[in-house]
Amino acid sequence: MTMLVNAVSATDITPEGSDYETVRRVIEMITNDYREQPSLETIAERLGQSPTQLQKVFTRWAGLSPKAFLQAVTLDHAKRLLGQERLPLLETSFEVGLSGPGRLHDLFVTHEAMSPGEWKARGGGLTIRYGFHPSPFGLALVMITERGLAGLAFADLGGERACYEDMAQRWPNATYVEDSAATAPYAAHIFDPGKWSCEQPLRVVLIGTDFQVRVWESLLKIPLGKAVTYSDLARDIGQPTASRAVGAAVGRNPISFVVPCHRALGKSGALTGYHWGLTRKRAMLGWEAAQMS
DNA sequence: TACGCAAACCGTA
DNA sequence: TACGGTTTGCGTA
């Protein structure tokens, strides 16, 4: 009700919020059948849409043509995101982010972690309000506590129930209250790059194991348009040989997108996995590529 | 170069 | 104990 429809930007979402569904299928097609390099025409045909219509939807979503998008998610580009040198630490990225003159917007976040005791309670004594909202990556499930955003997940068409359960079981002892009026402002803020600013940072609360929280904090240091490997993260938290455990922790990240787990790649530059579907990881990377230009 | 495969690595449930 | 959103090394096209 309180959603304002003023500034129209490239990231605005259709009323039905269904752009992503189309986009998702396009991405799947061009990545699955990349060998044959399907043309816009053939893709459109398979989707039962006109090429111009498809082009329009895709570009509205990403600010990028399907062709340019495909380029943005190739292995070659992924390697560029990783950067030449594996050594430069993530430590300074916040600093750079705040003062760098040429830097494009990124979502600013202040975070706090739950104490180990609170974690052991498995959410006991915690009230979590939640709601579903359309987003550039499909229907988003937003979960908040008094201390800030605690969870963000994505549902495929009709998968809302599964999505909710996936999240709710992480903190089984919490009390859950449906309250999309309360969560709506969060969704609006997160998915509108125009609202990202360091004056109005997003409050986030990390609920997890000590190890997991350290990994997630590392993820938060990756700037927009950059990527790191799992072993980079392992080194950053001071356990250089734990890259595999890091991978598991990254996979358990409850605040998808905001804690940019999609910016973690395999050492080869390959997209190794994503809890909410590899296609969505590709979508996020491509979408971010467009934000940069 | 590009894979396939096995072995070492480590925090969770 | 088993199981991953990993890596690395080594052998084969």
Side-chain angles (χ1 to χ4, degrees), chain A residues 24 27-28 31-32 34-35 73-90 113-124 137-138 141 150-156 159 162-163 165-174 206-222 226-288:
Chain A
R24 184 179 66 81
I27 296 173
E28 257 167 16
T31 52
N32 289 341
Y34 70 100
R35 281 176 201 287
V73 290
T74 53
L75 196 61
D76 194 49
H77 183 261
K79 285 178 185 162
R80 209 168 315 143
L81 292 187
L82 287 175
Q84 306 293 17
E85 344 74 52
R86 297 261 49 82
L87 294 172
L89 286 317
L90 310 154
M114 292 237 142
S115 69
E118 289 173 308
W119 159 245
K120 274 192 237 119
R122 309 277 294 162
F137 309 105
L141 171 56
L152 177 57
F154 297 96
D156 282 316
C163 178
E165 268 158 22
D166 182 306
M167 290 305 288
Q169 74 176 11
R170 297 172 189 233
W171 311 295
N173 299 331
L206 270 17
I207 314 177
T209 317
D210 177 63
F211 181 81
Q212 289 170 334
V213 169
R214 268 155 51 216
V215 171
W216 300 337
E217 285 175 334
S218 267
L219 285 171
L220 279 171
K221 294 194 260 178
I222 313 172
K226 284 283 183 189
V228 298
T229 66
Y230 299 96
S231 52
D232 286 336
L233 293 168
R235 191 181 38 233
D236 191 55
I237 63 171
Q239 288 178 78
T241 55
S243 50
R244 187 144 199 194
V246 165
V250 171
R252 294 297 293 165
N253 165 32
I255 318 181
S256 169
F257 185 70
V258 170
V259 175
C261 54
H262 54 283
R263 297 186 194 144
L265 311 177
K267 193 153 239 177
S268 66
L271 279 60
T272 41
Y274 193 70
H275 188 74
W276 306 106
L278 223 46
T279 302
R280 205 169 325 253
K281 186 168 180 174
R282 260 187 276 272
M284 289 179 181
L285 256 10
W287 187 80
E288 289 191 341

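Letters A, B, ... mirror the listed sequences (proteins, then strands); counts begin at 1.
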Practice problem: Using whole Å, report how far CG of A:Leu233 lies from P of B:dC10. | Solution: 16 Å
Quiz item: Given atom CH2 of A:Trp119 and atom P of B:dT12, what is their separation to the nearest angstrom?
Solution: 9 Å
Quiz item: In the strands shown, is C:dC3 matched to any nucleotide by a Watson-Crick or G-U wobble pair with both distances under 3.5 Å, and which?
Solution: B:dG11
Quiz item: So, is A:Gln239 near the phosphate of B:dG11, with a side-chain N or O under 4.0 Å from OP1 or OP2?
Solution: yes
Quiz item: What is the nucleic acid contact for A:Ala264, judged by heavy atoms within less than 4.0 Å: base, sugar-phosphate only, or nothing?
Solution: base
Quiz item: Among A:Val228, A:Thr229, A:Leu285, A:Thr272, whose side chain to side chain contact (heavy atoms under 4.5 Å, CB included) with A:Leu265 holds?
Solution: A:Leu285
Quiz prompt | C:dG5 base / A:Tyr230 side chain donor-acceptor hit below 3.5 Å | solution = yes
Quiz item: Say you draw a straight line from CH2 of A:Trp276 to CE of A:Met284; how long is it, rounded to the nearest 0.5 Å?
Solution: 10.0 Å
Practice problem: Could you tell me the separation between the CG atom of A:Leu285 and the P atom of C:dG5, rounded to a whole number of Å? | Solution: 18 Å
Practice problem: Hey, which sits more toward the 5' end of DNA chain B by its nearest nucleotide, A:Arg252 or A:Thr241? | Solution: A:Thr241
Self-check item: A:Phe154 CZ - C:dG5 P separation (whole Å)
Solution: 18 Å
Quiz item: Should the pair A:Phe257 and A:Phe137 be assigned to parallel (<30°), tilted (30 to 60°) or perpendicular (>60°) ring geometry?
Solution: tilted
Quiz item: In whole angstroms, how far is the C1' atom of C:dG5 from the CE atom of A:Met284?
Solution: 14 Å
Quiz item: Out of B:dC10, B:dT12, C:dT7, which has the shortest distance to the side chain of A:Ser231?
Solution: C:dT7
Exercise. May I ask you to evaluate whether A:Thr272 reaches the phosphate of C:dT6, defined as a side-chain N or O under 4.0 Å from OP1 or OP2?
Key: no
Quiz item: Picking from C:dG4, C:dT7, C:dG5, which would you name as closest to the side chain of A:Lys267?
Solution: C:dT7
Self-check item: Spacing between A:Leu271 atom CG and C:dG5 atom C1', to the nearest angstrom
Solution: 10 Å
Practice problem: Answer with base, sugar-phosphate or nothing: what part of the nucleic acid does A:Phe211 contact at a heavy-atom distance below 4.0 Å? | Solution: sugar-phosphate
Quiz item: When the distance from OH of A:Tyr274 to P of C:dG4 is rounded to whole Å, what number comes out?
Solution: 19 Å
Self-check item: Non-hydrogen side-chain atoms of A:Pro254 and A:Trp171 separated by less than 4.5 Å
Solution: yes
Quiz item: How close or far is atom C1' of B:dA2 from atom CG of A:Leu75, stated in whole angstroms?
Solution: 12 Å
Quiz item: So does A:Lys281 get a side-chain nitrogen or oxygen closer than 4.0 Å to the phosphate oxygens (OP1/OP2) of C:dG5?
Solution: no
Quiz item: In this structure, which one of A:Val250, A:Leu219, A:Ile222 forms a side chain to side chain contact (heavy atoms under 4.5 Å, CB included) with A:Val259?
Solution: A:Leu219
